[in-house]
Amino acid sequence: MTTYLQPSPNRPNPDALSPADSKFIQEHFNVYGGSLTVEGQPVDWSAIEEIEVAVAPHISGPAGWLVRNVVIREERYHVGLYSGRDEIILPNLTLPVAKYIVACIAHFAPLAVRYSGLPDFAPTMNKD
C-alpha cells in the first residue's frame with residue numbers, strides 16, 4: 001500500500017505563521033495565483049509526485065548539544081519535493097513552516113502526491 005497526502009479543501013493561512021516563519025516562506029516558498037516557486041525555481045503543481053518530511057539530524061557531542069539546546073531550542077525538519085528526476089530540499093525548517101508547506105501541497109496539487117516521512121505529520125490516505 002502507498003501513502004498519499006489527503007487532498008485538503010482548506011487553503012493554509014500564512015498569517016498564522018510567526019513573522020520570522022512568514023518571512024522565510026516569502027523568500028523560499030512562494031505560492032501566487034496557482035503557481036509555485038521553491039528556492040527561486042518554478043514548479044508545476046501537477047509535476048509534484050512525492051513529498052518527504054524528516055527530522056533534521058543533530059550533530060553529536062558538546063557542539064551539537066549547544067546548538068540544539070541553546071541556539072535553536074526546537075526540533076527542525078527537512079521537506080523534500082520530488083518530481084521525476086528533480087528534487088528540491090528545504091532544510092532546517094521550523095515545525096509551523098514544514099506543516100505549512102505540506103498543507104500547501106495537499107491543497108494545491110491537482111494529482112495525488114505520495115507522502116513519506118513522519119507519521120501523523122499531515123492527513124494521509126492509503127491506496128493500492
Distance-only check: which donor-acceptor pairs under 3.5 Å involve side-chain atoms of residues 98-110, not counting sequence neighbours?
| from | atom 1 | to | atom 2 | distance (Å) |
| --- | --- | --- | --- | --- |
| H107 | ND1 | S8 | O | 2.9 |
| H107 | ND1 | N10 | O | 3.4 |

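Among residues two or more places apart in sequence or in another chain, the ring pair (Phe, Tyr, Trp, His ring centres under 6.0 Å) test is passed with Y115 by none. Scanning for side chain to side chain contact (heavy atoms under 4.5 Å, CB included) contacts around E39 gives H28, I88, L90, with sequence neighbours left out. Here L111 pairs with S46 under the side chain to side chain contact (heavy atoms under 4.5 Å, CB included) rule; sequence neighbours left out. With sequence neighbours excluded, the residues that form a side chain to side chain donor-acceptor pair (under 3.5 Å) with T3 are N126. For T94, the side chain to side chain donor-acceptor pair (under 3.5 Å) partners are D21, not counting sequence neighbours. The side chain to side chain contact (heavy atoms under 4.5 Å, CB included) check on A54 picks up nothing, with sequence neighbours excluded.
L118 and M125 are not part of a single hydrophobic cluster, where members link through side-chain heavy atoms under 4.5 Å apart. Tracing side-chain contacts under 4.5 Å through hydrophobic residues (I, L, V, M, F, W, Y), one never reaches I48 starting from Y4; they form parts of separate clusters. Note on I25 and L95: same hydrophobic cluster, where clusters join Ile, Leu, Val, Met, Phe, Trp and Tyr whose side-chain heavy atoms are under 4.5 Å apart, directly or indirectly.
For the atom pair CG (L17) and NZ (K23), the distance works out to 14.5 Å, reported to the nearest 0.5 Å. Put simply, CD on E75 and CG on N92 are 10.5 Å apart, with the number rounded to the nearest 0.5 Å.
Taking Ile, Leu, Val, Met, Phe, Trp and Tyr as hydrophobic and joining them when side-chain heavy atoms fall under 4.5 Å apart, one finds I89 in a cluster with Y82.
A pairwise comparison of heavy atoms in A122 and L5 identifies CB-CD2, 4.0 Å as the closest pair. Shown here for K127 and M1, the closest heavy-atom pair between the two residues is O-CG, 3.4 Å.
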*side chain to side chain contact (heavy atoms under 4.5 Å, CB included) between Q6 and T124: does it pass, once the steps are laid out?*
CA-CA 5 Å; Q6 184 173 329; T124 59; 5.7 Å; no
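Identified under the salt bridge (charged side-chain N to carboxylate O under 4.0 Å, His left out) test for residues 78-93, with sequence neighbours left out: none. Sorted by first and then second residue, the salt bridge (charged side-chain N to carboxylate O under 4.0 Å, His left out) pairs with a member in residues 41-57 read E50-R114; sequence neighbours excluded.
For the pair V38 and L36, the minimum side-chain heavy-atom distance is below 4.5 Å. Between R76 and V55, the closest side-chain pair of non-hydrogen atoms is not below 4.5 Å.
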